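Heads up, the thing below is written out as structure tokens.
The model shown is predicted, which means the values in this text are computed figures rather than measured ones.
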Amino acid sequence: MNKQLSELVSFIKKGDQFNPMVSNKGTYWHLDHSLQVLHAILKALTNSNPEDYQPKFSLPKLTIMTTGFIPRGKGRAPKQTIPAGKISEEELFSALEKIKEAKKNLNDLSKNNHFRHPLFGCLNLNDAIKFMRIHTQHHLKIMRDIVK
């Protein structure tokens with residue numbers, strides 16, 4: 001995940017770029033959304049009670065977690081992770097620092113600390129970390145294509 005965070009920083013430094021042939025959102029939207037998702041998952045993992053973990057079978061979860069691929073344009077972001085208004089470079093750097101700080105606590109968590117995904121159900125610590133990588137990679141690919 002550290003390599004992905006470094007690449008996110010590189011996109012912040014490039015400024016907000018748009019390419020409507022790739023996405024109707026700019027790179028800062030994808031950055032902000034990715035950072036909001038990471039922060040929300042890290043917060044949920046930290047605040048969850050391992051005893052409440054209840055795994056659930058989900059075909060989309062199995063497919064995405066196995067392939068490591070999220071198809072473009074198929075999912076819908078929860079309202080709380082949709083960027084609103086103009087996004088500044090400073091806000092992105094601030095969000096990135098919060099994530100780096102929250103990430104430090106991962107080693108102290110139980111394997112059954114979890115977060116509840118709207119489609120996949122409960123993801124335990126390992127699955128949540130894997131999902132964060134997959135989701136971030138999905139948006140990094142979009143940003144690479146926008147900049148290309």
Is there a donor-acceptor pair under 3.5 Å between the side chain of Gln4 and the backbone N or O of Arg133?
-> yes
Charged N-O contact under 4.0 Å between Arg144 and Glu7 = yes
Side chain Asn24, main chain Pro20, donor-acceptor under 3.5 Å | no
Heavy-atom neighbours of Gln80 CD exceed 12 at 6.0 Å | yes
Is the backbone of Ser88 close enough, under 3.5 Å, to the side chain of Glu91 for a donor and an acceptor to pair up by distance?
-> yes
What one should report as the nearest heavy-atom pair of Trp29 and His139 is CZ3-CE1, 4.3 Å
Linking I/L/V/M/F/W/Y whenever their side-chain heavy atoms sit closer than 4.5 Å, directly or via other members, would Val9 and Leu42 fall into one cluster?
-> yes
Begin from the C-alpha positions of Phe18 and Thr27 and carry the test side-chain contact (heavy atoms from CB on, under 4.5 Å) through to its verdict.
-> CA-CA 7 Å; Phe18 296 88; Thr27 54; over 6 Å; no
Might you work through the side-chain contact (heavy atoms from CB on, under 4.5 Å) test for Asn112 and Asp52, ending with a clear yes or no?
-> CA-CA 8 Å; Asn112 284 337; Asp52 295 337; over 6 Å; no
Could you tell me which non-hydrogen atom of Ala128 sits nearest to which non-hydrogen atom of Leu123, and how far apart they are?
-> N-CB, 4.0 Å
Could you tell me whether the side chain of Thr136 and the main chain of Ser34 form a donor-acceptor pair under 3.5 Å?
-> no
Indicate yes or no: does Lys148 engage Asp145 in a salt bridge with an N to O separation below 4.0 Å.
-> yes
Verify the cluster assignment for Phe93 and Met143: are they in a single hydrophobic cluster under the rule of side-chain heavy atoms below 4.5 Å apart?
-> yes
Are His33 and His135 an aromatic pair by the rule of ring centers under 6.0 Å?
-> yes
Closest non-hydrogen atom pair between Gly26 and Ile146, with its separation | C-CD1, 4.3 Å
Rounded to the nearest 0.5 Å, what's the gap from NZ on Lys61 to SG on Cys122? Could you check?
-> 8.5 Å
Mind running side-chain contact (heavy atoms from CB on, under 4.5 Å) on Leu31 and Ile87 for me, showing each step along the way?
-> CA-CA 9 Å; Leu31 281 162; Ile87 304 158; over 6 Å; no
How are the rings of Phe131 and His117 set relative to one another: parallel (under 30°), tilted (30 to 60°) or perpendicular (over 60°)?
-> perpendicular
Just how far is it from atom CD1 of Ile12 to atom CG of Leu92, taken to the nearest 0.5 Å?
-> 5.0 Å
Rounded to the nearest 0.5 Å, how far apart are CG of Asp16 and NZ of Lys25?
-> 11.5 Å
Closest non-hydrogen atoms of Pro71 and His138, given as atom of the first, atom of the second and distance, are O-CE1, 4.0 Å
Could you state the interatomic distance from CG (Leu38) to NZ (Lys100), rounded to the nearest 0.5 Å?
-> 12.0 Å
Side-chain donor/acceptor of Tyr28 to backbone N/O of Gln17, under 3.5 Å | no
Any link between Ile142 and Ile134 through a network of hydrophobic side chains (Ile, Leu, Val, Met, Phe, Trp, Tyr) touching at under 4.5 Å?
-> no
Just how far is it from atom NZ of Lys3 to atom CG of Leu140, taken to the nearest 0.5 Å?
-> 10.5 Å
Has the side chain of Ser6 got a donor or acceptor atom that lies under 3.5 Å from a matching backbone atom of Asn2?
-> yes
For the side chain of Thr81 and the backbone of Pro78, is there at least one donor-acceptor N/O pair under 3.5 Å apart?
-> yes
Passing candidate, salt bridge (Lys or Arg N to Asp or Glu O under 4.0 Å) with Glu101, options Lys103, Lys104, Lys98 = Lys104
Among the clusters formed by ILVMFWY side chains lying less than 4.5 Å apart, do Met65 and Tyr53 turn up in the same one?
-> no
Do any N or O atoms from the side chain of Asn113 and from the backbone of Leu45 form a donor-acceptor pair under 3.5 angstrom?
-> yes
Is it true that atom NZ of Lys111 has more than 12 heavy atoms of other residues, nucleotides or ligands lying nearer than 6.0 Å?
-> no
Just by distance, do the side chain of Ser48 and the backbone of His114 share a donor-acceptor pair under 3.5 Å?
-> yes
Report whether Phe115 and Leu62 are members of the same hydrophobic cluster (ILVMFWY, side-chain heavy atoms less than 4.5 Å apart, transitive linking).
-> no
